[in-house]
Amino acid sequence: MKKVGVAILGLGVVGGGTCKILMNRRETIKEEYGVDVEIAAVLDLRPERVTALGLDLSILAKSIDEICENPNVDIVVECMGGLEPAKTFLTKALEAGKSIVTSNKEMFAKSWPDLERAAQKTGAGLYYEATTGGGMPIIRTMTTAMQANNILEIKAIINGTTNYILTRMTNENADYQAVLKDAQALGYAEANPVADVEGYDSSYKLSILSSLAFNKRLPVDLIFREGITKITAEDIKIGKELGYIVKLLAIAKQKDGKIEARVHPVFLPQDHPLSSVSNSFNAVFVVGDAVGDIMIYGRGAGDLPTGSAIVSDIVYCARQVEHARYSEMFNEMTKDDIISDFESAYYVRMTVHDAPGVLADVTTVLKKYNISISQIKQDKKDDIIPIIFVTRKTTENAMNKAIDEIKALKNIINVENVIRVEE
Ligand code: HSE
């Protein structure tokens, strides 16, 4: 039987979950997949974590170099997070001929070509299922099950923290700050929530998915990004009345040889399959020209779900005769490949003085930019009133210019919020 030694870097939540699964399923994996996966080494600053996981302290390595020199280690599994020293450690492992498995989305999205270059020197493999969507097998779906397709579109909820916050805001009619505080207390959001709530985390994952889908690397900084911090309970309530639910979506589309890539909150129709993805769950909706629509749903984080993706990578890696190569990642998209002036419909909420002609002034501006209204709503009959409208599809530039002009109109108190609507 093939024996495979793994070294696990970082015994936090994900590393711990991976160890638990590897130990519990060792015999089953032997029987079902013909490989005996042994935890041959671990690297962590806390010896007590090693013993708490039921591992023998003798496998605690002192350095990455010791792991690279260990002939019993075939695969190095990185669960440390952060850019460094993760990237340096994995580069060393690849140069020593060890295949790598990582759950580190930021590092992987930013360093994929460098890691591939290191891997090509020795023929070692790169495995990264756990970087995107935690336990959902979306990477292997894209790499091994979509060969018949030209991928036309990806729409994804790939950040559990923001999905949890938006779900609670929706269900409880609560404001962002209150729910964030509670989410932090419950461990659903980090003390520093910026990476999640400002959409960075989703953009790393979208970069990985889009690079695979479109066979060319999409650098993170070419992705349009806006977070959820400006979403209010008021917008969510009005959205519901209009038939929408708010989600932070990661969207990539292929159009006329160019790519549109963006992460931002959207209003989705309540009957869209992604609208029912609640709490901390993730889902990826992919449109292929042959298969049509597919959707994968599951837990995007957590010890065992992420450990599930990592163990799947380990077993998959161990059974490969030759590892997949990603030379296409040396070819990067540039600004010229990207549609920055993308098309969308828009929800706009304004407060205005209830004066004759105010609506006519607004629609005159919209007409100037060829923007058509599909729904309009005016709620109260006070002196200061909210006006809400939803446009038909227009371009981002046209909408931004129209909003700037609307803000300057007499009797417009404020444009309170603008939310893109994805049909
Ligand atoms: N912070 C991430 C999330 C963890 O909320 O989805 C998984 O990448």
Side-chain angles (χ1 to χ4, degrees), residues 9-10 12-18 77-83 86 101-112 127-140 142 154-170 176 179-210 212 220 223 225-229 231 246-251 263-265 274 277-285 296-313:
L9 315 182
V13 174
V14 174
T18 302
V77 178
E78 184 260 319
C79 310
M80 301 187 304
L83 288 177
V101 172
T102 182
S103 58
N104 189 331
K105 58 256 161 145
E106 180 179 6
M107 185 277 303
F108 194 75
K110 291 180 176 171
S111 315
W112 196 343
Y127 294 86
Y128 50 94
E129 181 67 69
T131 57
T132 307
M136 287 191 302
I138 182 62
I139 298 295
R140 199 107 61 235
M142 299 293 278
I154 296 169
K155 281 187 188 145
I157 296 173
I158 36 181
N159 182 267
T161 304
T162 46
N163 205 37
Y164 175 83
I165 292 172
L166 292 174
T167 302
R168 285 205 41 199
M169 287 174 70
T170 303
Y176 168 75
V179 176
L180 171 67
K181 256 193 177 165
D182 209 38
Q184 285 170 320
L186 292 167
Y188 281 96
E190 306 271 353
N192 180 353
V194 172
D196 291 317
V197 301
E198 295 294 1
Y200 291 99
D201 179 79
S202 291
S203 70
Y204 304 142
K205 295 166 179 169
L206 184 65
S207 160
I208 296 168
L209 284 181
S210 306
L212 281 178
V220 174
I223 298 175
R225 182 190 47 75
E226 189 182 292
I228 64 163
T229 56
I231 302 293
V246 71
K247 294 287 173 196
L248 180 72
L249 280 199
I251 300 171
V263 170
H264 54 73
L274 287 169
V277 177
S278 301
N279 297 310
S280 61
F281 277 91
N282 282 204
V284 181
F285 184 90
I296 300 187
Y297 167 91
R299 290 214 173 272
D303 61 347
L304 298 182
T306 311
S308 161
I310 289 176
V311 172
S312 160
D313 268 356

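Order of appearance sets the numbers: ligands from 1, and atoms from 1 within every ligand.
At a 3.5 angstrom cut-off on N or O pairs, A301 does not count as close to ligand 1. Considering backbone and side-chain N/O of T161, one or more are found under 3.5 Å from N/O of ligand 1.
Paired with L206 under the rule side chain to side chain contact (heavy atoms under 4.5 Å, CB included), one option of I223, L249, V284 passes, and it is I223.
Near K105, with a cut-off below 4.0 Å to any heavy atom, the atoms of ligand 1 are 2 (C), 4 (C), 7 (C), 8 (O). Here is the list of ligand 1 atoms found below 4.0 Å of a heavy atom in K205: 2 (C), 6 (O), 7 (C), 8 (O). Near G300, meaning under 4.0 Å from any of its heavy atoms, are these atoms of ligand 1: 7 (C). Which parts of ligand 1 touch G160 is read off a 4.0 Å heavy-atom cut-off, strictly below it: atoms 3 (C), 5 (O), 6 (O).
Only the side chain of D201 comes within contact range of ligand 1, with a heavy atom under 4.0 Å; no backbone atom does. Residue contacts with ligand 1 for N159 involve both N, CA, C or O and side-chain atoms from C-beta outward (heavy atoms, distance under 4.0 Å).
Under a 4.0 Å heavy-atom criterion, G134 is not in contact with ligand 1.
By the neighbour-count criterion of 12 heavy atoms within 6.0 Å, atom CZ of R168 is densely surrounded, having more than that number from other residues, nucleotides or ligands. Residue Y188 qualifies as open at atom OH: its count of foreign heavy atoms under 6.0 Å is 12 or below.
Considering only non-hydrogen protein atoms, atom 1 (N) of ligand 1 sits nearest to D196 OD1, 2.8 Å.
The two atoms that bring M169 and Y176 nearest to each other are CE-N, 3.5 Å, heavy atoms only. The nearest pair of heavy atoms linking A191 to Q184 is O-NE2, 3.1 Å. Contact detail for G307 and T18: the closest heavy-atom pair is CA-OG1, 3.6 Å. Minimum interatomic distance between I158 and A250 (heavy atoms only, all atoms of both residues): CD1-CB, 3.7 Å.
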